[in-house]
Q: 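Quick one: structure below, then a few questions.
Note on naming: letters A, B, ... go to the chains in the order of the sequence lines (proteins, then strands), and numbering restarts at 1 for each one.
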Amino acid sequence: MSPRPAPKGRAVSEAEALQDARVQRILATVDSIPPGRVASYGQVAEEAGLPRAARFVGTVLRRFVADRGVPWHRVLGSDGTIRVTGGTARDQAKLLREEGVTVRKGRVRMADSGWRPEED
DNA sequence: ATAGTGACTTTAC
DNA sequence: GGTAAAGCCACTA
């Protein structure tokens with residue numbers, strides 16, 4: 001039969017990407033951000049064991065935001081700015097406000113709403 | 001293997 | 001307070 005079904009690191013499709021350990025850790029980390037709190041892409045990357053892979057975190061969220069209960073809206077730029085492009089940005093601000101997060105001029109005060117994994 | 005790309009971050013002006 | 005450029009990681013073609 002076919003003995004080569006599993007490419008090790010890279011994914012070749014979304015289904016396989018979801019099985020990728022890196023993607024799993026990223027999604028799990030995002031999922032652990034408590035409501036009313038926000039984290040930066042870099043922070044998520046670090047928590048997921050992929051330091052400096054902030055861009056990858058953005059890519060993952062962009063591709064897998066379709067369904068699953070991942071609170072993607074709680075991830076912002078390092079300075080609390082909404083980095084999402086397109087009309088999605090408005091949805092993100094809306095979702096955050098619904099959680100009690102103050103969004104002003106497309107950005108959030110990280111000092112107030114920033115997630116501290118240590119405190120949780 | 002090389003080049004292009006991005007929902008990033010940091011530094012410099 | 002902004003904008004610009006370089007550095008980063010991992011994916012995609």
Q: Using 0.5 Å steps for rounding, measure from the CE atom of A/Met110 to the CD atom of A/Gln43.
A: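 Separation between the atoms: 6.0 Å.
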Q: Using the side-chain heavy atoms of A/Ala54, tell me which of these nucleotides is nearest: B/dC8, C/dC11, B/dA7.
A: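 Among the listed nucleotides, the one closest to the side chain of A/Ala54 is B/dC8.
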Q: Short question: side chain of A/Arg74, backbone of A/Val30 - any donor-acceptor pair under 3.5 Å?
A: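 Side chain of A/Arg74 to backbone of A/Val30, a donor-acceptor pair under 3.5 Å: no, none is there.
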Q: As an exercise, state the distance from CG of A/Asp79 to CZ of A/Arg107, rounded to the nearest 0.5 Å.
A: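 So the gap between those two atoms works out to 6.5 Å.
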Q: Roughly, in whole Å, what's the span from CZ in A/Arg52 to P in C/dC9?
A: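 Rounding to the nearest Å, CZ of A/Arg52 and P of C/dC9 are 8 Å apart.
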Q: Both A/Asp79 and A/Thr59 contact DNA chain B. Taking the nearest nucleotide for each, which residue is further toward the 5' end?
A: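 Its nucleotide being nearer the 5' end, the pick is A/Thr59.
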Q: What is the separation between atom CG on A/Leu96 and atom P on B/dA7, rounded to the nearest whole Å?
A: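 Going from CG in A/Leu96 over to P in B/dA7 covers 18 Å.
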Q: Can you tell me how far P of B/dA7 sits from CZ of A/Arg55, to the nearest Å?
A: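 The distance from CZ of A/Arg55 to P of B/dA7 comes to 8 Å, rounded to the nearest Å.
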Q: State, to 0.1 Å, how close A/Leu50 and A/Arg22 come at their nearest heavy-atom pair, and which atoms those are.
A: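 Shortest heavy-atom contact: CD1-CB, 3.9 Å.
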Q: So does A/Arg62 get a side-chain nitrogen or oxygen closer than 4.0 Å to the phosphate oxygens (OP1/OP2) of B/dA7?
A: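 Answer is yes, contact under 4.0 Å.
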Q: Does the side chain of A/Ser40 get closer than 4.0 angstrom to OP1 or OP2 of B/dT9 through an N or O atom?
A: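 So the side chain of A/Ser40 is within the cut-off, an N or O lying under 4.0 Å from OP1 or OP2 of B/dT9.
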Q: Map every base of DNA chain B to its dot-bracket character, where paired means a Watson-Crick or G-U wobble contact with both distances under 3.5 Å and | marks a partner outside the strand.
A: .|||||.||||||
Q: Would you indicate what A/Arg74 reaches in the nucleic acid, counting non-hydrogen atoms under 4.0 angstrom: base, sugar-phosphate, or nothing?
A: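 If one applies the 4.0 Å heavy-atom cut-off, A/Arg74 turns out to touch nothing in the nucleic acid.
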Q: When the distance from CD of A/Gln43 to P of C/dC8 is rounded to whole Å, what number comes out?
A: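 Those two atoms, CD and P, are 22 Å apart.
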Q: Rounded to the Å, how far apart are A/Glu46 CD and C/dC9 C1'?
A: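 Going from A/Glu46 (CD) to C/dC9 (C1'), I get 14 Å.
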Q: Considering every strand and a 4.0 Å limit on heavy-atom distances, what is the contact class for A/Thr88: base, sugar-phosphate, or nothing?
A: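 Result for A/Thr88 = nothing.
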Q: Would one find more than 12 heavy atoms of other residues, nucleotides or ligands at under 6.0 Å from atom CD of A/Glu99?
A: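 Atom CD in A/Glu99 is packed in, count exceeds 12.
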Q: How long is the line joining CZ of A/Arg107 and P of B/dA7, in whole Å?
A: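 The answer, rounded to whole Å, is 20 Å.
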Q: Sub-3.5 Å donor-acceptor pair from the side chain of A/Gln92 to the main-chain atoms of A/Val75, do we have one?
A: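 Flag set: sc A/Gln92 to bb A/Val75 pair under 3.5 Å.
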Q: Could I get the full list of salt bridge (Lys or Arg N to Asp or Glu O under 4.0 Å) partners for A/Arg116, not counting sequence neighbours?
A: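 Residues passing salt bridge (Lys or Arg N to Asp or Glu O under 4.0 Å) with A/Arg116: A/Glu119.
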Q: For the pair made of CZ in A/Arg83 and P in B/dA7, what is the distance, rounded to whole Å?
A: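 Rounded to the whole Å, the gap is 10 Å.
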Q: Measure the distance from CG on A/Leu50 to P on C/dC11 and round it to the nearest whole Å.
A: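 Answer to the nearest Å: 9 Å.
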